[in-house]
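Below is one structure, written out as structure tokens; comments come after it.
Every number for a ligand or one of its atoms is a count from 1 in the order of the listing.
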Amino acid sequence: MAALKTDRRAPLVVTEQVSQMRQIVWQAQTRGSRVGLVPTMGALHAGHLSLIQAAREQCDFVVVSIFVNPTQFGPQEDFAKYPRNLEVDLKLCGEAGADVVFHPSVETIYPQGFATFVEVAGLSDVLEGKFRPGHFRGVTTVVLKLLNIVPADFAYFGQKDYQQQTIIRRMSAELNLPVEIRVCPTIREPDGLALSSRNVYLNADERRSALALSRCLHRARDQITGGRRDVANIRHEMFDELAKTSRVHAEYATLVHPDTLEEQSEFLPRLVGVVAARVGATRLIDNLIIEA
Ligand code: AMP
């Protein structure tokens, strides 16, 4: 990865308070600064840092939020043990050029009796939505709240979570949010594994098995760019490739329309390969835009 820009003007500010956060953004915008927001759940890696770096390059003032959002985790999921390391994250945010870190408590975001949710119907029910019911309702609710607390000019998301960025762009358009959503490419390990905060859960054997996700995506891409047009067969081969890998429990591996996320059986010049699997006890996702 290219060296991170570290030409910050002032020391990193960290706040847990909504009112202070709003005031800081208001002051920056009053000075004429374009504000960028990078929402994260912490346990930062080079994928997150690439979003902060993009915001640093494209905006005058950069806010990173660090909030492990309970409403996007199912009851059997890893909310309690999700990796948290604020001290390291703050250091990384500072080095990557953030101006402010917003790190609210769960009670600040969801006070007792909280009852308001926003949902993008349809898109939220397929793929991840099938395996993680309610997940995207939690995501869209927290992102809308974060954008109300940090009324940024630009908000940055990773292509790594393809369905998430599709849903957030749709919410932003349909609710007329005064923000421009920017999507940054997936950062991978040299061997192809997409960076994820959950990769720390993998042992050495699982780490090797996890390569099956990116492998089946890249193979599908090579086949389509090489001229194959039998999309339904390629979809089945993707799933088989995942399913045959030891320690991997495949959930889905398919080719979808880039906007509607509908599974495709016929060739399109632009398709998205999407995969999800449990590798040991760790659930991983990946995707690849395939242009023929
Ligand atoms: P998370 O902390 O997992 O909620 O992710 C925060 C943001 O970082 C989301 O917009 C993700 O899509 C993005 N992100 C996560 N992993 C990567 C990656 N490997 N490359 C690029 N962006 C990523």
Side-chain angles (χ1 to χ4, degrees), residues 1-2 4 36-58 62-74 77-79 81-86 88-90 92-93 96 98 101-104 109 127-128 132 135-147 150 152 154-172 179-202 207 210-211 213-214 217-218 272 274-276 282-289:
M1 210 176 87
L4 293 171
L37 170 65
V38 182
T40 81
M41 298 205 298
L44 301 183
H45 51 63
H48 299 111
L49 300 183
S50 74
L51 303 187
I52 302 173
Q53 190 178 19
R56 180 73 276 159
E57 285 165 5
Q58 297 165 17
V62 177
V63 181
V64 177
S65 63
I66 298 179
F67 178 64
V68 185
N69 175 35
T71 61
Q72 71 186 69
F73 288 78
E77 293 183 359
D78 57 344
F79 174 70
K81 71 161 193 162
Y82 193 84
R84 291 164 171 87
N85 196 339
L86 185 62
V88 173
D89 286 348
L90 294 181
L92 291 171
C93 285
V101 170
F102 179 52
H103 177 247
I109 297 297
L127 303 171
E128 285 301 281
R132 305 184 71 187
H135 168 67
F136 287 118
R137 180 184 192 245
V139 170
T140 40
T141 300
V142 82
V143 169
L144 183 56
K145 282 183 64 87
L146 289 170
L147 285 169
V150 182
F154 303 95
Y156 292 82
F157 295 88
Q159 191 206 303
K160 159 71 170 43
D161 297 278
Y162 189 88
Q163 186 174 8
Q164 171 174 280
Q165 61 82 25
T166 305
I167 289 169
I168 288 167
R169 286 190 294 114
R170 183 79 169 267
M171 170 179 79
S172 178
V179 64
E180 184 179 319
I181 305 296
R182 295 203 163 160
V183 178
C184 300
T186 303
I187 305 296
R188 298 178 179 280
E189 300 280 8
D191 63 5
L193 181 71
L195 296 190
S196 162
S197 303
R198 291 190 168 98
N199 290 351
V200 299
Y201 298 147
L202 302 170
R207 171 67 181 75
L211 279 180
L213 280 86
S214 55
L217 290 168
H218 286 98
V272 184
V274 286
V275 298
T282 305
R283 192 170 181 286
L284 299 177
I285 59 172
D286 199 356
N287 70 83
L288 198 64
I289 296 173

- Query: Pick from H48, E180, Q58, Q165: which one makes a side-chain hydrogen bond (donor to acceptor under 3.5 Å, both in side chains) with Y156?
  - Reply: Q58
- Item | Heavy-atom side-chain proximity of Q72 to V143 below 4.5 angstrom | no
- Item | F67 side chain reached by K145 side chain, heavy atoms, under 4.5 Å | no
What are the atoms of ligand 1, with element, lying closer than 4.0 Å to any heavy atom of [X]?
X	answer
L51	7 (C), 8 (O), 10 (O), 13 (C)
P39	6 (C), 7 (C)
F157	10 (O)
H45	15 (C), 16 (N), 17 (C)

- Give a yes or no on whether the backbone of I168 and the side-chain of S172 come within a donor-acceptor separation of less than 3.5 Å. no
- Item | Side-chain (N199) to main-chain (L284) donor-acceptor, under 3.5 angstrom | no
- Message: What I want to know is whether I187 and ligand 1 share at least one N or O pair that is separated by under 3.5 angstrom.
- Response: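 Such a contact does occur with ligand 1.
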- Closest protein heavy atom to atom 4 (O) of ligand 1, given as residue, atom name and distance to 0.1 Å: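 Protein heavy atom with the smallest distance to atom 4 (O) of ligand 1: M41 CG, 3.6 Å.
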Could you name the option among [options] that has the heavy atom nearest to [atom]?
atom	options	result
atom 10 (O) of ligand 1	A43, G47, G158	G158
atom 11 (C) of ligand 1	V68, D161, V38, N69	D161
atom 21 (C) of ligand 1	A194, C184, P185	P185
atom 9 (C) of ligand 1	R198, H48, Q164, K160	Q164

- Message: If I compare all heavy atoms of V274 with all of L217, which pair ends up nearest, and what's the gap?
- Response: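 Looking at all heavy atoms of both residues, the shortest contact is N-CD2, 3.9 Å.
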- Query: Do the charged groups of D286 and R188 touch, with an N to O distance under 4.0 Å?
  - Reply: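 Yes, charged N to carboxylate O under 4.0 Å.
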